[in-house]
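Okay, structure first, notes after.
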Amino acid sequence: MPVTREGFEPLIVAFCCNWCSYAGADLAGTSRQPYPSNVRVIRVPCSGRVNPSFIIRAFQRGADGVLVAGCHPGDCHYHSGNYHARRRFTILKQLLEYLGIEPERFQVRWISGSEGAKFSAVMNELTENVRKLGQNRKLRDAR
Amino acid sequence: MKRTGVFICWCGSNIAATVDIELAVAAAKNMPGVVFADQNKYMCSEIGQEIIKEAIRSHRLERVVVASCSPRMHENTFRKTVAAAGLNPYFLEIANVREQCSWVHKDKETATAKAIALIRTAVAKALRNEALFASELPIERRALVIGGGIAGIQAALDIADSGFVVDLVEKEPSIGGRMAQLDKTFPTLDCSACILTPKMVEVAQSEKITLFTYAEIEKVEGYVGNFTVTVRNRARSVDMSKCTGCGDCMLKCPVKVDSEFDLGLVKRRAIYTPFPQAVPNKPAIDREHCRWFTENKCRVCEKICPAGAIDYSQEDELMTVKYGAIVAATGFDPKKLGNYGEYAYGKHPDVLTSLEFERLLNASGPTAGKILRPSNGRPPKNVAFIQCVGSRDKAKGNPYCAKVCCMYTAKHAILLCEKVPGARPFVFYIDVRTPGKDYEEFYNRAYEEYGATYIKGNVSKVFPDGDKLLVRSVDALSGALVELEVEMVVLANSVDARAGAKELAQKLSITTNAFNFFNEAHPKLRPVETHTAGIFLAGTCQGPKDIPETVAQASAAAMKVTALLGKDSLLSTPTVAEVDEKLCTGDMSCLVVCPYGAISEKILEERRGRETVRRKVAEVNMVLCQGCGACTVACRPGAINLKGFTNEQIMAEVEAICL
Amino acid sequence: MSTASEKLRASAAEALACGRVSLVLGWRKKDFWWQSPVAFVEAAAEAEQLSFDPFSVYNPVKYLLEATECHEKVGVFVKGCDSRGINRLLQDKRLEREQVLIFGLPCSGKADPAKIRAVFPAQKIREVAQEGEELLVRLTDGQERVAAADFLLEKCLTCRHPNPVVFDELLWEPVPVRAGVDVSRFARVNSVAQKEILERYTYWARQFDRCIRCFACRNTCPACNCRSCIFDQAEPRWLGKASDLADTMNYQIIRAFHVAGRCFECGECERICPAGIPLQEMNRRLIMDIDKYFGPYEAGLDAGDSPPLGTYRGEDPAGFDES
Amino acid sequence: MKVTTDKINSNLVKEVEEISGQKVSACFQCGKCTGGCPVVGSMDIFPHRVLRLAQLGLVEELLHSRTLWICASCQTCDSRCPRDVDIPKVIEALRLLLLRRKGGNRLHPASLSARVLANAPQQGLVSAFRKYAK
Amino acid sequence: MKKIAKTKLQELWRCLSAEGALYLPVRSDSVVDFALWQEDVPADLETLNTFLPPKKFYYPQTETVLKYEFGENLQLLDASSQAGEKTILFGVRPCDTAALSLMDKVYLSEPVDEAYRRRRENTVIIALGCREPEETCFCQTFDIDPGKAPGADLLAIDTGTELVVTAQSLKGEELLVALNGVLQEATSGDEIRVKDVQEQAGEGYLTRVSVHGLAEKLDTCFASPYWDRLYRRCIACGTCTYLCPTCHCFDLQEYAAGHSGERVRCWDACMFTDFTQMAGGHNPRPTQKERVRQRFMHKLNYFPRQHGGEYACVGCGRCVRQCPVNLDILEVIREMGGAVDGQ
């Protein structure tokens with residue numbers, strides 16, 4: 001859990017694809033576009049590599065929000081990785097919502113290597129939305 | 001638990017400014033598996049790397065975690081360091097505590113807490129890193145250059161020069177590109193054709209270079225060393241082997257169409273070569289305008305062609321060729337000035353863009369080199385040159401500076417004075433930029449020797465006033481209002497990325513920036529490479545630049561290509577997929593999602609009890625696999641794993657990052 | 001006109017006798033009136049035990065996996081829902097078509113023992129037989145006829161493929177599809193979906209809290225046919241053994257995800273769940289979304305196509321903000 | 001006019017930026033606004049100069065300039081500014097600075113002749129007194 | 001002997017829950033199971049088999065047995081101490097009560113399971129006699145009288161309009177005293193009615209099997225070909241073992257994260273494929289045949305051999321009803337030679 005000052009500090013886990021969104025995150029860094037330190041990035045080769053089990057496991061271990069960021073459709077370094085990711089996460093997002101999980105908690109965004117500002121904006125927006133929702137108790141492990 | 005060492009970098013103050021390094025080292029010390037933790041001002045420096053090597057030896061480290069800048073920056077550097085100390089390079093893991101922590105979080109306390117979390121995550125992954133070994137890849141010793149402008153020509157020549165075979169693909173009927181349209185070049189005032197045409201001929205005559213004009217890239221597959229490219233040779237309707245280039249057909253063809261080469265200032269025929277010094281100097285039929293293809297009439301060119309070279313039945317040909325490396329040199333397009341009504345471009349014939357003015361200057365141009373006003377055909381006396389049209393304009397143009405306009409406008413001012421004695425050039429500028437050798441001196445000659453008047457004041461409006469043009473501005477330095485009556489206005493319009501650049505980028509699977517210029521791997525350290533290994537950049541397709549820089553980049557790209565093709569074999573990325581045959585059910589759901597066709601079926605024979613049982617399992621071709629990992633999610637029992645990003649590693653990372 | 005059971009016995013005996021198959025899977029009666037377990041008939045003489053009664057529900061298809069390893073060719077009786085299971089195993093390459101001799105049995109719906117126990121005292125019931133549109137209930141003291149439609153299993157009420165979709169022989173005439181199945185198919189899913197978000201969570205949390213992790217749903221499902229399931233693997237530990245609600249939701253969500261595009265709505269998981277969890281409502285939600293976003297797709301109808309989550313189209317719509 | 005350290009750090013510039021919502025430092029003195037301004041002839045400090053003085057903190061000098069009252073906010077300059085600076089808003093901010101000061105009244109009812117009062121359009125009078133007499 | 005009208009049961013529940021956490025069978029969705037009593041939640045006294053047997057109170061599906069923290073030195077926090085709050089279980093059927101005493105043979109013999117023992121002490125069991133057996137009941141095969149529950153602290157008999165309660169242990173006596181306010185004295189007429197219910201309960205059995213001499217007979221049946229035919233239907237799920245009141249196997253799992261962790265005991269089923277999976281991949285019970293044989297041999301042969309002839313089955317019928325493929329212990333008893341009479 002990030003160091004809590006006053007009030008609730010959400011923990012956001014972001015799976016970023018190495019070729020686009022991780023490069024976007026780096027660009028947000030080089031151009032000093034700040035975003036909250038609640039966000040923590042895990043590098044994956046492609047958004048198509050992110051297994052729904054990782055997302056559920058993150059929620060179980062205490063993440064309050066999870067983001068999967070990949071290349072814009074058509075830009076994928078591996079041609080079709082994000083197309084598969086789009087189908088998988090469209091289904092997963094609807095299922096989570098159907099089971100009563102707030103939609104803001106699990107988000108998917110396409111962020112290219114040159115969209116440093118967008119990366120920072122998305123992270124700010126996501127953190128604020130999840131902060132309003134409060135801690136994720138529904139999918140969180142008891143032990 | 002593997003013996004792990006953690007090394008935290010200050011990066012001068014970049015990290016240390018907002019991350020408490022001491023606290024992080026202390027925290028790292030009692031992470032599970034960590035037996036040694038240290039820090040240094042510059043971990044990537046000689047001393048820093050020495051500390052790592054020394055620590056590996058003295059503490060018998062089995063895994064190394066470096067908390068520093070982005071892995072996309074120094075992952076290879078530290079892998080070499082770790083390998084030098086005897087460990088498998090893939091026992092290294094990097095925690096990105098600069099770009100994704102210290103640079104974006106101001107509050108020291110939370111930034112440090114996050115840095116510690118990122119280090120803990122890297123340690124959790126490192127503990128599960130397996131030794132990985134790159135495998136040898138064969139290389140196709142043939143290069144492809146896309147784009148036949150000066151960049152493509154120079155790259156092709158240099159590659160051929162070092163002994164490798166290269167294909168040069170050009171969309172237009174002739175190579176030459178943007179530079180062929182120029183008259184003179186700054187700062188030496190060399191005649192553009194004089195320095196370009198010899199190189200074009202050299203390309204045509206080089207037996208190492210195969211030239212494909214009137215051809216486009218259809219599809220690109222494969223990876224570094226083994227690209228498979230499909231090229232569409234558009235039907236030229238002229239048999240290149242028979243045509244002698246005599247040009248009779250071009251005289252007799254009844255159809256007149258705006259010449260793209262001359263930007264519509266003059267007409268060309270349906271069967272045409274873009275410009276006289278075209279290489280190959282063989283025409284092509286523009287099927288959209290040729291009367292035979294549109295109205296099924298005429299066929300004049302076929303009748304009068306002495307060599308019988310006209311062949312209307314030609315079809316587009318698709319050819320598929322294997323290449324080891326690709327250079328993208330597709331050039332730029334001048335910015336269209338649709339939303340700049342204030343300059344009356346397109347409303348008044350005497351308002352021209354700089355490239356149109358260049359065509360007027362050119363001896364083979366519409367006015368055979370004489371500067372004449374399109375409205376009345378008489379030489380102008382006063383000419384206004386307006387700079388930064390569509391450049392440095394956040395509101396409705398490109399926010400960036402197009403880099404070359406100040407210099408070519410000085411050239412235009414000089415040439416105007418030479419061609420039209422007594423002519424007065426007025427240059428309206430925001431700042432004059434002369435960033436090159438002999439550039440400033442060239443600019444000084446423009447206003448000292450040739451009497452160009454430089455007015456620091458962007459023109460607000462151009463009013464047609466009788467047969468003259470009223471230019472209104474202000475001289476910001478003196479504060480004096482400016483109202484000039486001129487006979488011609490030349491707009492220095494901005495440099496846009498080539499139309500279609502985005503689609504080509506997607507075919508090459510390289511990325512572009514917000515303005516569709518191709519992204520270089522690193523602006524300072526790797527300017528001619530892209531993030532896709534084996535694909536290089538040259539010229540303005542990567543961003544606005546002048547001819548000296550373009551040629552320099554072209555030679556650099558050629559050097560990179562020959563360095564790549566010169567290797568006896570390539571080391572493949574070892575982070576590829578791997579099948580655990582015990583778990584594999586053989587339902588081939590991995591094969592369906594693999595974009596590289598790297599997975600195939602294999603019959604496995606195994607003993608069960610007394611008899612041997614045969615069953616189907618998946619098998620990965622280590623060479624074709626690029627490590628995207630789509631198969632690992634499609635495989636429900638988790639039988640196929642991605643080395644370097646295994647399920648175990650990522651699960652461990654997720655659990656560590658949430659602690 | 002011989003009864004259904006006699007037809008089964010005749011076909012099985014004939015196939016076994018002439019050696020076309022060395023094993024036939026069907027159903028047989030057992031001690032109690034509602035028990036019709038799957039029968040493994042290996043000789044023509046044993047075919048007598050076969051029977052087809054209102055409780056022959058369990059899908060024998062998954063036994064083919066092990067049976068085809070030690071038998072050259074296996075005969076199997078399949079109802080409409082069972083037959084889609086065969087396509088499922090063919091599509092997942094766990095079975096070769098020529099290893100199976102399929103006898104198709106058009107089915108007008110099977111009876112739900114719970115509904116029968118609600119009307120007749122269970123101790124008194126001796127046997128329940130199907131006679132056309134009616135059920136003949138023989139009790140210790142007399143017998144009664146009731147309309148079969150009133151006692152149908154939940155899964156049969158919404159059955160859209162009563163006639164087998166793949167077979168070598170059809171034992172009797174196809175039966176009409178029940179009216180209104182297209183509406184009732186997603187009725188329960190929609191009723192849950194309309195609830196408030198917190199109400200939805202409390203509903204599902206109450207259901208999953210009862211889950212005792214017996215894995216009956218996974219082990220009976222023809223779409224779950226892996227040699228070794230991730231939930232049994234220790235490293236990485238995809239699922240803990242402790243029955244913590246969040247980990248149970250992890251199991252249910254990931255299993256629903258694994259069978260997405262493969263589940264052909266046979267409803268067995270929900271029927272045999274000892275904790276009475278409405279699993280069909282969850283799987284059908286995924287089917288609804290797959291139809292909505294990627295175009296209508298019915299699993300288990302054609303062994304040749306590949307599941308929707310294995311393919312893609314460049315212009316797929318996304319269930320999230322794609323700006 | 002002399003640029004001094006206290007002038008250049010004066011918070012008047014911040015006030016102008018706050019009221020106008022514009023970043024004065026964005027202007028790189030291209031002069032396009034002045035070039036196209038229809039009423040620039042009767043201005044003592046040209047629009048691009050207004051921005052320059054503001055950048056240098058010479059706000060006091062600006063407040064005494066006629067330009068503030070000549071600018072008719074026709075937005076020609078704003079529509080052409082390559083740096084997206086809304087110059088009329090900056091000038092409006094300068095006016096408000098002036099008007100908010102005590103005794104800043106520029107218009108007294110008594111100073112208007114009867115003819116003007118009779119013929120001037122009613123809306124013009126209303127906006128004039130609302131603007132120039134605080 | 002005391003009684004209370006079935007219409008005033010809510011007051012009984014209120015008094016009982018004053019004495020301790022009251023659990024009784026409650027219907028939720030389509031399942032009846034023991035649940036903590038809440039105001040005006042109707043108890044279900046008709047259903048004989050609850051979804052999960054009362055073993056879940058003494059031997060929960062998930063129980064932390066140990067917590068540890070890495071500081072400077074390893075601290076062990078004993079987690080079993082917290083199992084101590086006073087509980088009252090109402091509506092336990094005679095078969096489940098008998099099952100508990102079978103479970104006691106396992107967990108209360110050396111080495112005693114401390115948490116289990118403390119829970120057994122702190123819980124008062126109020127058995128509820130059956131009025132009429134289900135078709136799947138065969139508790140009388142194991143000499144269990146459906147009308148009596150010797151192992152319970154209190155026995156309640158439903159005479160139709162009233163519940164007649166008799167204490168059978170010291171704890172039962174104390175609880176009866178505490179309930180004086182709400183219970184009336186039972187009349188001799190009530191005693192006769194109770195006897196009638198108890199006798200009548202004993203008759204209606206449909207399933208008559210005998211396990212006489214079965215344990216000895218099974219000594220020689222380990223390699224019997226019968227097991228080859230029986231196991232083929234089993235789909236290796238855990239329904240029968242988790243629902244069985246006498247099954248007591250468990251698995252220990254570590255939940256470690258960072259510097260702290262806990263060791264958790266969870267139910268496990270011998271029917272699962274990975275139940276005896278060894279490190280390195282070896283499995284002494286490689287196919288489902290060994291597992292199915294193991295389950296029935298344990299209940300009908302190994303357990304009786306170790307515990308003086310007592311079979312590890314109480315004939316509650318849960319496995320008969322819930323097994324998805326109808327593979328149950330009755331079939332094995334009949335096949336393996338248990339004499340059959342009646343039906």
Side-chain angles (χ1 to χ4, degrees), chain B residues 335 337 339-345 384 386-402 405-406 426-433 453-463 469-484 486 489 491-494, chain D residues 1-3 20-56 58 61-62 64-68 70-91:
Chain B
K335 184 169 186 52
L337 297 178
N339 52 3
Y340 282 87
E342 59 256 44
Y343 297 126
Y345 177 71
I386 303 177
Q387 297 308 93
C388 301
V389 175
S391 294
R392 303 183 63 192
D393 180 348
K394 197 163 66 156
K396 52 182 183 180
N398 300 330
Y400 52 82
C401 158
C405 328
C406 285
F426 298 92
V427 179
F428 293 91
Y429 69 94
I430 304 177
D431 308 284
V432 177
R433 294 171 170 180
T453 315
Y454 273 76
I455 302 167
K456 174 178 170 52
N458 210 319
V459 166
S460 185
K461 189 118 173 96
V462 173
F463 297 89
L469 290 161
L470 192 64
V471 173
R472 171 167 298 163
S473 174
V474 71
D475 176 70
L477 299 181
S478 65
L481 289 178
V482 171
E483 232 175 64
L484 296 182
V486 293
V489 171
L491 307 175
N493 54 349
S494 182
Chain D
M1 254 193 282
K2 190 154 61 148
V3 178
S20 64
Q22 299 301 310
K23 283 206 65 53
V24 166
S25 53
C27 163
F28 57 27
Q29 292 297 295
C30 78
K32 203 166 180 184
C33 50
T34 306
C37 174
V39 292
V40 75
S42 36
M43 285 184 172
D44 55 350
I45 300 178
F46 293 148
H48 75 281
R49 273 279 167 79
V50 170
L51 266 300
R52 187 61 191 153
L53 298 190
Q55 284 174 348
L56 298 174
L58 305 172
E61 289 75 1
L62 278 176
H64 299 306
S65 133
R66 267 169 51 86
T67 301
L68 308 189
I70 300 297
C71 165
S73 303
C74 72
Q75 302 298 121
T76 306
C77 53
D78 164 45
S79 69
R80 292 184 184 146
C81 170
R83 301 295 297 157
D84 252 349
V85 175
D86 190 331
I87 298 108
K89 279 216 177 93
V90 173
I91 292 176

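In this text, all values refer to a predicted model and were calculated from it rather than measured experimentally. A note on names: the letters A, B, ... follow the listed sequences, proteins ahead of strands, and every chain is numbered from 1.
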| In terms of heavy-atom pairs under 4.5 Å with chain D, which of Lys456(B), Glu483(B), Arg392(B) leads? | Arg392(B)
| request: Starting at NZ of Lys396(B), measure out to OG of Ser79(D) and round the result to the nearest 0.5 Å. | output: 6.5 Å
| query | Of the backbone (N, CA, C, O) and the side chain (C-beta and beyond), which part of Ile386(B) lies under 4.5 Å from a heavy atom of chain D, both, or neither? | reply | neither
| remark: Lys394(B) and Asp84(D) have their tightest heavy-atom pair at CE-CB, 4.1 Å
| Looking at Leu481(B), Val482(B), Asn458(B), which hits side chain to side chain contact (heavy atoms under 4.5 Å, CB included) with Thr34(D)? | Leu481(B)
| query | Tell me, side chain or backbone of Cys77(D) under 4.5 Å from chain B's heavy atoms, or both, or neither? | reply | neither
| message | For Phe46(D), which atoms come within 4.5 Å of any heavy atom of chain B: side chain, backbone, both, or neither? | response | side chain
| task | Look up atom CG in Asp475(B) and atom NE2 in His48(D), then write down how far apart they are to the nearest 0.5 Å. | result | 8.0 Å
| query | So which heavy atom on Gln29(D) is nearest to which on Ala476(B), and how close? | reply | O-CB, 4.1 Å
| task | Go through the steps to decide whether Val40(D) and Val474(B) satisfy the test side-chain contact (heavy atoms from CB on, under 4.5 Å), and finish with yes or no. | result | CA-CA 10 Å; Val40(D) 75; Val474(B) 71; over 6 Å; no
| What are the two closest non-hydrogen atoms of Gly36(D) and Ser460(B), and how far apart are they? | CA-OG, 2.7 Å
| said: Rounded at 0.5 Å granularity, tell me how far NZ in Lys32(D) sits from NZ in Lys461(B). | reply: 11.0 Å
| request: Pick one of side chain, backbone, both or neither for Val459(B), based on which atoms fall under 4.5 Å of a heavy atom in chain D. | output: backbone
